[in-house]
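One structure is given below, encoded as structure tokens.
In this chain, residues are counted from 1 in sequence order.
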Amino acid sequence: QVHLVESGGGLVQPGGSLRLSCAASEDTVSRYTLGWFRQAPGKEREFVAAIGWSGTSTDYKDSVKGRFTISRDNTKNTLYLQMHTLKPEDTAVYYCAASLSMMITRRGDYWGKGTLVTVSS
């Protein structure tokens, strides 16, 4: 059973920083690539970043490169997304996802319920 629970969302001013966390079931951590997706109001859900099971391989959406960093701590069964220099266009519900093929497809197979990030002054 794949179980994912996001936390860390909130309201932040433009230019600010925020760190999202995703608690994953032990089985998920040991077997799956994990990633972050987001869905802005009125838009489709989109890929943001992914990290392989060992943490050595990462992939990012172009618009977040240099601002966002994905990481995982398999000893804590936790995925992170550190976000810096946030922009209003980063406002969205952020979802944690797991997949065996995400590094190739940029798609998730299992999903958390999401956490809202609002970037506004």
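Remark: Asp62 engages Lys65 in a salt bridge, criterion side-chain N to carboxylate O under 4.0 Å.
For the atom pair CZ (Phe68) and CZ (Arg38), the distance works out to 5.5 Å, reported to the nearest 0.5 Å. From Leu81, atom CG reaches atom CZ of Arg19 across 10.5 Å, with rounding to the nearest 0.5 Å. For the atom pair OH of Tyr95 and SG of Cys22, the computed distance is 13.0 Å after rounding to the nearest 0.5 Å. Expressed to the nearest 0.5 Å, how far CG of Leu20 lies from OG of Ser7 amounts to 8.0 Å.
Under the 6.0 Å cut-off for aromatic ring centres, Phe47 and Phe37 qualify, their centroids lying closer than that.
The side-chain hydrogen bond (donor to acceptor under 3.5 Å, both in side chains) test with Ser99 is passed by exactly one of Asp109, Thr33, Thr105: Asp109.
At a cut-off of 3.5 Å, with distance as the only test, a side-chain donor of Ser54 or Thr56 sits close to an acceptor on the other residue.
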message: Show, in sequence, the C-alpha distance, side-chain angles and deciding distance for Lys61 and Glu46, and conclude whether the salt bridge (Lys or Arg N to Asp or Glu O under 4.0 Å) test is met.
response: CA-CA 9 Å; Lys61 173 181 173 63; Glu46 64 178 4; 3.2 Å; yes
field: Check against ring-ring contact (aromatic ring centres under 6.0 Å, His included), Tyr110 and Tyr32
entry: CA-CA 10 Å; Tyr110 304 98; Tyr32 289 88; 5.7 Å; yes
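Side-chain contact check for Pro14 versus Pro88: some heavy-atom pair is nearer than 4.5 Å.
With a 6.0 Å cutoff to the six-membered ring centre and a 45° limit on the axis angle, Arg45 counts as a cation-pi contact of Trp111.
When all heavy atoms are compared, the tightest approach of Leu100 to Arg31 is CD2-O, 3.3 Å. Closest heavy-atom contact between Arg72 and Ile51: NH1-O, 3.3 Å.
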